[in-house]
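Order of appearance sets the numbers: ligands from 1, and atoms from 1 within every ligand.
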Amino acid sequence: MPQPPSSTDILVIGSGNAGLSAALSAAQTSPTLKITVIDKSPKTWAGGNTYFTAGAFRTTHEGLADLLPLVNNTTPHQASRIDIQPYTTSDFTSDLNRMTGNRTNPALCKVLVNDSHSAINWLAANGIRFQLSFNRQAYEVNNRIKFWGGLALKTQDGGKGLVEDELCAVQKAGVDVFFNTPATALLTDNGTVTGAEVSIHTETGSRKTTIKAGAVILAAGGFEANPQLRAQYLGPGWDCARVRGTPYNTGDMLVIAQRDVCAKSAGDWSGCHSVAWDADAGAEAGDREVSNEFTKSGYPLGIMVNCSGERFVDEGFDLRNYTYAMVGRRVLGQSGQVAFQVWDSRTSGWLREEEYRGEVVRRIEGGSIEELAGKCEGLGLDSRRFLETVREFNASVEGNEVERWNPAVKDGLCTRGLAVSKSNWALPIDKPPFLAVKVTGGITFTFGGLAVNPETTAVISETTNEEVPGLYCVGEMLGGIFYDNYPGGSGLTSGTVFGRRAGRAAAEAVEKTARLERL
Ligand SMILES: Cc1cc2nc3c(=O)[nH]c(=O)nc-3n(C[C@H](O)[C@H](O)[C@H](O)COP(=O)(O)OP(=O)(O)OC[C@H]3O[C@@H](n4cnc5c(N)ncnc54)[C@H](O)[C@@H]3O)c2cc1C
């Protein structure tokens, strides 16, 4: 097994999107520098959480004409049928402010939004293949393909394709990547970070060694795969959340950076991104085959009830991209940490094939609502109360003009008089056959992280409030952007935007030190 070097110019810890963006940017800023990426996971788990993504990138743009040159899956005929509204800096900024209750750090938010478009262009120029996200982000309505929710781009083959393309780009740029190499400590000299202690595999087991570096970039993910830290920071019950992605993001480098250099924490340490997730999925890690398909994001098209048969969330309070990241928390808050999503045949045909086809989820089907209720009872549902809930729901939407129903916009078809409203897309659930699936809460990533200088991502010290020389932080580890909720597709954009800045800043700092030493 190849061993990492004992010294390098820049050491990147973590090989997901943020780490690979940082490594590529560093290599392009100073092609003579030696850039090394290490990752704790074996190669079979390459790509961290990034591998599991849908590859959705949120970016500002001026409309379809701006996006078409970036994508490889749209014919001119198809393009003539597409409606995509421009997504401006003010749209992206106001989405971040709205989602986070105005708590997003304004300086970080500004960088993320302002750099988003150039970050995508930069990835595309480096061989990352983009596509329009027809299946996830558009509905065909009145013979027009209407994109909604400010998110139109994804990478070809989702996260799998993204990781493949990014690894190829860094390899072309001369960056070396080593797996099975967890960082276990940061090395310092008089307050400056000078490398990392790592554990490496040997024929007789593993041993500790050091990698000296002119700068270290932390890109090792959050603590979503660590049940103990989840319970500690997110609260009771979170230890039982299902992990959607890599099992290797256990918060090591957050703890290590705080321990070794007093890195200052920032952001929402009790907050995270969590979705409605297949109740039959594994607990401790995502599945690299099924991947993101365990997500169950079709609740705006129907209703969701807990085991007591009660609705507990407004399934239609906003477009899915603005609600899905907090629905997991709501499901985990229910008895048994599970819920049932339910549709009738009016809307079940609009569910996304990749999330709801029989091969990836246990579909519970009934020719009548009573039959469906009976089948769900065997899986823990109070069927009597469920039937009452459906009756009350149907009565509350009487008079809604069914022909106005439109999943591509907030159509205003709402319930009236219910304790828990449904604000959009509310139709009676009365047209057989009926469908239900059982869901739980799946955790995606944690929001709490380290404080950084937004211009460079240099890590800030808790004790001095100054930058820790030689240390940068990007991706899920960077705190202060997301609070409570999250506009879909912002995590990958953040990783690339700040990864680019970190790589550039680290390379320039290392070059500068080398110049000074030569004087
Ligand atoms: C199922 C799923 C779907 C998602 N879909 C999207 C989407 O479509 N769009 C979007 O924007 N976001 C999405 N996200 C969120 C997205 O994954 C993250 O925001 C982003 O990929 C994080 O990138 P990262 O580089 O910070 O972390 P990661 O990609 O997780 O990389 C971190 C790496 O650090 C390594 N590591 C951890 N500890 C150590 C250590 N001590 N030493 C060395 N290495 C270490 C890990 O092994 C891992 O490989 C999704 C997440 C999941 C789980």
Side-chain angles (χ1 to χ4, degrees), residues 4 11-23 37-43 45-59 116 133 136-137 151 153-155 158-159 162-163 166 177-186 196-199 211 216-226 242-257 272-275 277 281 285-288 290-295 297 321 324-325 442-447 449 473-478 481-482 486-499:
L11 178 65
V12 180
I13 301 177
S15 71
N17 171 58
L20 294 179
S21 294
V37 179
I38 57 168
D39 200 293
K40 172 183 173 183
S41 80
K43 198 167 181 189
W45 282 86
N49 261 357
T50 302
Y51 175 91
F52 290 87
T53 67
F57 275 82
R58 182 169 290 259
T59 175
S116 61
S133 184
R136 302 178 61 85
Q137 298 296 331
L151 183 55
L153 284 182
K154 72 171 189 77
T155 48
L162 174 61
V163 170
E166 288 189 332
V177 183
F178 297 90
F179 292 95
N180 290 306
T181 310
T184 50
L186 289 171
E197 177 193 74
V198 300
S199 176
I211 304 176
V216 172
I217 301 175
L218 303 175
F223 59 88
E224 54 272 4
N226 184 328
R242 311 284 166 92
V243 177
R244 296 180 69 206
T246 178
Y248 292 95
N249 286 1
T250 47
D252 315 354
M253 293 316 296
L254 290 168
V255 173
I256 288 169
C272 68
H273 181 303
S274 63
V275 304
W277 190 245
D287 176 314
R288 282 176 77 86
V290 180
S291 189
N292 200 26
E293 295 182 347
F294 280 138
T295 308
S297 55
N321 290 346
Y324 80 111
I443 182 164
T444 318
F445 70 98
T446 45
F447 290 161
C473 168
V474 293
E476 293 178 0
M477 286 191 71
L478 189 161
I481 303 177
F482 307 121
Y486 160 99
S490 309
L492 288 174
T493 306
S494 160
T496 297
V497 162
F498 291 102

Exercise for the section: Tell me, please, whether Phe52 has Arg244 positioned over its six-membered ring: NZ or CZ under 6.0 Å from the ring centre and within 45 degrees of its axis? Expected result: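 No, Arg244 does not sit over the ring of Phe52.
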Problem - Validation row, ring centre Tyr248 to ring centre Phe179 under 6.0 Å - result: no
Practice task
Using atom types as modelled and distance alone, determine if a side-chain donor or acceptor of Thr496 lies under 3.5 Å from a backbone N or O of Thr493.
Solution key: no
Problem - Considering all heavy atoms, the nearest Ser15-Val177 contact - result: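 Minimum heavy-atom contact is CB-CG1, 4.4 Å.
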Exercise for the section: Look up atom CD in Gln137 and atom CZ in Arg58, then write down how far apart they are to the nearest 0.5 Å. Expected result: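 Answer rounded to 0.5 Å: 8.0 Å.
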Practice task
Using salt bridge (charged side-chain N to carboxylate O under 4.0 Å, His left out) as the criterion, list what pairs up with Arg136, not counting sequence neighbours.
Solution key: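 Partners of Arg136 under the salt bridge (charged side-chain N to carboxylate O under 4.0 Å, His left out) test: Glu354.
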Exercise for the section: Run through ligand 1 for me and note each protein residue having a heavy atom under 4.0 Å from it, chain first, then residue number. Expected result: Ile13, Gly14, Ser15, Gly16, Asn17, Ala18, Asp39, Lys40, Ser41, Gly47, Gly48, Asn49, Thr50, Phe52, Thr53, Ala54, Gly55, Ala56, Thr181, Pro182, Ala183, Ala219, Ala220, Gly221, Arg244, Gly245, Tyr248, Asn249, Asp252, Met253, Asn292, Thr444, Phe445, Gly475, Glu476, Tyr486, Gly489, Ser490, Gly491, Leu492
